[in-house]
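Data block below; observations after.
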Amino acid sequence: MLYDLKSDSEMSSIVAMLYSAVEQNCERLRQITQGMTQVELDYRGPDDRHNSAAQLIKHLIYVDLNWVYRINGQPLPSTYRDKYGPMIDQDGRLPRITGVSIDTFMSDYTEVLVMLRDTCRKLTDEDLEQVVRFGHENEKEATIRWGIWHMADHNRYHQAHINQLRKWYRNKVQVNHL
């Protein structure tokens, strides 16, 4: 298999490279979560004090949706805010979620990736220099280039958390079977 950071000939070269990083990390997330049971997906680690894989994946979907709309210069529609939000709860944590299957999450994430792909096909490399505002409390500014890179980096960051949750879960299951 050949690995490269250009996956779409309909995109300009730098846009395609950034999009490819997001696409590859989404595929890696799909592989990492493959075969997760509902109990494992909802597992919140030792002492029930960490974010579950379900919370993390929903968070990734919501953040990426926000970036897609931000890049397009549009506000996030209320239907998406209602379905995937809020970003954080009243305690400043990721909202709890249980009972949503991994297949549903991955299907939803695929839709977001398609939206990003369609958006990236309209961008030129020069468009990447446009500045957008982001952040839910303290607004910040970033280029579109940074935003697309951030989507890939953020996904990979939370994959480490999901891998740790899976390790803890396997250890818990092994201990319970002894």
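All values below were derived from every heavy atom in this structure, side-chain atoms included, with hydrogens, water molecules and symmetry-related copies excluded.
The closest side-chain donor-acceptor pair between T119 and N72 falls under 3.5 angstrom. Using modelled atom types and a 3.5 Å distance limit, the side chains of Q159 and N163 yield no donor-acceptor pair. In this structure, a donor-acceptor pair under 3.5 Å is absent between the side chains of R96 and Q55. Counted by atom type alone, S12 and D125 present one or more donor-acceptor pairs between their side chains at under 3.5 Å. Residues S107 and T104 bring no donor and acceptor atom of their side chains to less than 3.5 Å of each other.
For Y109, there are no ring-ring contact (aromatic ring centres under 6.0 Å, His included) partners at least two apart in sequence or on another chain. For D82, there are no salt bridge (Lys or Arg N to Asp or Glu O under 4.0 Å) partners two or more places apart in sequence or in a different chain.
For the atom pair K83 NZ and Y62 OH, the distance stands at 13.5 Å (nearest 0.5 Å). Remark: D127 CG to R145 CZ distance equals 11.0 Å, nearest 0.5 Å. A distance of 9.0 Å separates CG of N66 from CZ of R81, quoted to the nearest 0.5 Å. Considering CD1 of I14 and CG of L123, their distance stands at 12.0 Å, rounded to 0.5 Å. Here the NE2 atom belonging to H59 is positioned 9.0 Å from the CG atom belonging to D64, to the nearest 0.5 angstrom. Atom CD1 of I162 is separated from atom OH of Y43 by 14.5 Å, given to the nearest 0.5 angstrom.
Checked by atom type and distance alone, the side chain of D89 pairs as donor or acceptor with a backbone atom of D91 at under 3.5 Å. A donor-acceptor contact shorter than 3.5 Å is absent between the side chain of R70 and the backbone of I144. With hydrogens and angles ignored, the 3.5 Å screen pairs no side-chain donor or acceptor of S20 with any backbone N or O of A16.
Under the 4.5 Å side-chain criterion, counting only non-hydrogen atoms from C-beta, C26 is in contact with N155. Inter-residue side-chain proximity for W146 and D153 is flagged as unmet; no heavy-atom pair is nearer than 4.5 Å. Under the 4.5 Å side-chain criterion, counting only non-hydrogen atoms from C-beta, Q34 is not in contact with R30. The side-chain heavy atoms of L165 and W168, taken from C-beta on, include a pair separated by under 4.5 Å. Contact annotation: the side chain of E27 approaches that of Q31 to within less than 4.5 Å [non-hydrogen atoms, C-beta and beyond]. Side-chain atoms of L128 and L18, non-hydrogen and from C-beta on, do get closer than 4.5 Å to each other. Here the side chains of V132 and I71 are not in contact, with every heavy-atom distance at 4.5 Å or above. Between L113 and Y19, some side-chain heavy-atom pair lies under the 4.5 Å cut-off.
A side-chain contact (heavy atoms from CB on, under 4.5 Å) with F105 is found for one member of T110, I57, L60 and no other, namely I57. Applying the side-chain contact (heavy atoms from CB on, under 4.5 Å) test between V63 and each of M87, H158, M151 identifies M87 as the sole match.
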Derivation and outcome, side-chain contact (heavy atoms from CB on, under 4.5 Å), residues Y84 and D108
CA-CA 10 Å; Y84 298 110; D108 289 348; 3.0 Å; yes
Go through the steps to decide whether V15 and R121 satisfy the test side-chain contact (heavy atoms from CB on, under 4.5 Å), and finish with yes or no.
CA-CA 8 Å; V15 172; R121 284 180 174 168; over 6 Å; no
Under the side-chain contact (heavy atoms from CB on, under 4.5 Å) criterion, do M11 and M17 qualify, and how do the steps go?
CA-CA 9 Å; M11 293 178 198; M17 181 176 61; over 6 Å; no
For side-chain contact (heavy atoms from CB on, under 4.5 Å), just list the numbers for R28 and Q24, CA-CA rounded to whole Å, side-chain angles, deciding distance to a tenth of an Å, and then say yes or no.
CA-CA 6 Å; R28 186 172 185 268; Q24 287 179 19; over 6 Å; no
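Ring-centre distance between H161 and H50: not below the 6.0 Å cut-off. Taking the centre of each ring, F134 and W67 come in below the 6.0 Å mark.
In terms of heavy-atom proximity, M36 sits nearest to A53 at CE-CB, 3.7 Å. Here the shortest heavy-atom pairing between E129 and T143 reads O-CG2, 3.9 Å. Contact record, P86 with P95: O-CG, 3.3 Å, taken as the closest heavy-atom pair.
Linking Ile, Leu, Val, Met, Phe, Trp and Tyr whenever their side-chain heavy atoms come within less than 4.5 Å leaves I148 and V131 in two separate clusters.
Ionic pairing of D48 and R44 is present here: one or more N-O contacts between side-chain nitrogen and carboxylate oxygen are shorter than 4.0 angstrom.
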